[in-house]
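These notes are about the structure you will find just below.
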Amino acid sequence: MGLTKSKSSDMDESLIDDPPKPRFGRRLSYNSAAMAFGAYPDQTNMCEPTINAAAYFDKCPSVEALIPLAARLLTYERCSGIPVGSDGKNDWKVQLVDAKPVDMIRSVSVKNNDELHQAIEDGMCTSCRKENLPWWEFVRIVNSNGESAVIVRVDHWIGDGLSLVNLMEQVLTCEDGVTKIPSIIPAKMSDKFKRKGGFLRSIGNFFKCIYYFFVVLALPASKYDDNTAFSKHFNKKMTYTWNRKLVKFESMPLSFIKSLKSEANVSLNDVMFACLGGAIRRLNKAQNCDVTEKKGKKKKPIQCRALMPVAFPRPNDDTDDKTKVLRNKWVFISSDFGVGIEDSIERIRYVHGNMNVFKSSPLPVVQLWVQQTIPPKLPVSVAKQTVFDGISRHSCIFSNVPGPQGAVAFGGEVVKEVQMFFNNLVPQVGILSYNGSVFMNMNLDSCIEGGEFIGHYFAQELCEVATALQITVPENIKNKAAELLID
C-alpha cells in the first residue's frame, strides 16, 4: 500500500518547528524606558546614552579571564536582555535573549599611550546596541608599548551610576584575585535617603514640597546660562556634533582633597564643584571672554550652572535581587558654579551654601515624583522637548560616583587607574575615587576653545585654594598647574 504525498505547503509547515516564544522580564520604569527610546528630540542628533567605566592596567586582562566575568553579568536580568516597547509609552519591558559571554568581549590593539587615549575617544561615541545581544560590552584595548585598558560600556537603560557600582562589586576582587571587595557605596549614603523618605510624612514640610514642586516645573523654562567662552555654543537649537574630546585631569590624592574640605569646613563635593567653577572662570579669562569682563566690571553675577545626577541607593533587599538591583532611580539637581566670584574661598562658601539648601530640602524626592508621574502622561515629543529645555539651559553636568577604597583586580590584573565618562549634549564631568586617589575628566565638545586646558586650570584653582587654607600642594598638582600660566 503506497503512501499519499502531502501538499508541499502542508509538508513545509509540518517540518518547521514553532518559533520560540519571546521571554520577558520585569516592566521598565519610565526613566529606564526613556534611556531606551531616547530622551532628547530627534533633531538633536544625539548618540545613544552609554556609560563608560575605564580601568587601566600594566597588563591587559586576557579574553579567557574576562569570560567568567561576562558570564556573571549575564545572570542579571537587564544584562541578559534588550528593551522592547513603544516610544513614549509606559509598556517597556526586558526581552531576554541568548548570549554567549565571549560575544560580549571585543579587543582593540594600539602601539602607545597616545593611541590608547585616541581609541578611547573614538570608541566612546559608538553605540553598544547590537542586534540580538544585550546592550553592554567589555572592550579590551591592548597596548604594546604602555598601559592597557578595559572599558566597561553599559547602555544607560540598564541602570544608573549607583546600579553599575553595585554591578562592579560582583566582578571586582581584592588584589589577590579571589577575595570579594567590601561594599563600595557608603552606608551613610543609603541611610541618608532612607531618612529622606520620611520627610514627606511630616505635615510641617507639606508647603516646602509644594514650593519645590513648582521649582522643578520651572527649571526647563529658566534663564539660559550666560554666553561665556565656556557656554557660548549653547542655544535653543543645540545639536550633538560628535566632535568630543576626553580631557583627563591630574589625579589627586584623596587625603589632599579631604584636607581642603576639613579646613574649609565643607564637603568634598563642595570643594570639587567650586574648584571646577574656578577652572571655568580661568578658561573664560584666558579666552578674553567679553561677558566675563563686562559683568566683572559691573560686579554682576555670571550665571553658569551644572546639573548634578543624584541617585537613590537601593534597599538592601534589592541589591541581592538580580531582577531589581539594576534600575534608573535618579534626578538632576541644578546648582550654580559661582563663576562670577573672583575669590576662590568665597566661591567655596557660596557653593557650600547652595548645596546645603537642597541637602536639607525635599527637592530630590519631589523631583523624582515629578519624573515618575508627569512625563509618562505627556505626548512623547513634549516630554523629550522638556528634557532638552532643561539641559540646554545649563553649562555642564557634574557627576561624582564613589569607587573602591583599596586596590582591586579585574580579570586577574590589578587596576592602576579608573575613569568614568559619558557623552551628553553639554560637557559632562566624571569623578571617581579609587585606592586613595581621585580621578576626574571632562567630556566636552571640541568647539569650546581652550577646553583642552581645563585640567590645567583646575590644578591652578586647587593650588590657590590650598595656599589660602595653608595646605601643602602635592607635587603632581603643582607641576600640572605650572604647565599653563595665565597672564
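In plain terms, the two heavy atoms of Y40 and T44 that are nearest each other are CB-OG1, 3.5 Å. Of all heavy-atom pairs between I151 and A54, the closest is CD1-CB, 3.4 Å. The minimum heavy-atom distance between C125 and R244, with the atom names listed, is SG-CG, 3.7 Å. Minimum interatomic distance between C128 and D155 (heavy atoms only, all atoms of both residues): SG-N, 3.9 Å. For the pair M272 and F458, the tightest heavy-atom approach, listed with the atom from each and the gap, is O-CE1, 3.7 Å. Of all the heavy atoms in C79 and L73, the pair that sits closest is CB-O, 3.0 Å.
Within a 6.0 Å sphere centred on CD of E342, other residues, nucleotides and ligands contribute 12 heavy atoms or fewer. In E449, the CD atom is not crowded: 12 or fewer heavy atoms of neighbouring residues, nucleotides or ligands sit closer than 6.0 Å. With a 6.0 Å radius and a threshold of 12 heavy atoms from other residues, nucleotides or ligands, N265 has its CG atom at or below the threshold. Within 6.0 Å of NZ in K180 there are 12 or fewer heavy atoms belonging to other residues, nucleotides or ligands.
Using modelled atom types, one finds a donor on one side chain and an acceptor on the other under 3.5 Å when comparing N423 with N443. With hydrogens and angles left out, the side-chain atoms of D389 and T386 include no donor and acceptor closer than 3.5 Å. Between the side chains of S399 and Q428, no donor-acceptor pair is found at a separation under 3.5 Å. No donor-acceptor contact under 3.5 angstrom links the side chains of N113 and H117, judged on distance only. When only modelled atom types and interatomic distance are considered, E483 and N479 share no side-chain donor-acceptor pair under 3.5 Å. For the residue pair D226/Q303, the side-chain donor-acceptor check at 3.5 Å is not satisfied. Between the side chains of S334 and R393, not a single donor N or O lies within less than 3.5 Å of an accepting N or O.
With salt bridges taken as basic N to acidic carboxylate O contacts below 4.0 Å, none links D114 and K111. Using a 4.0 Å cut-off between charged nitrogen and carboxylate oxygen, E475 and K478 count as a salt-bridge pair.
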From CA spacing to verdict: side-chain hydrogen bond (donor to acceptor under 3.5 Å, both in side chains), D225, S395: CA-CA 7 Å; D225 279 0; S395 297; 2.7 Å; yes
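Going from atom OG of S251 over to atom CG of N435 covers 11.0 Å, rounded to the nearest 0.5 Å.
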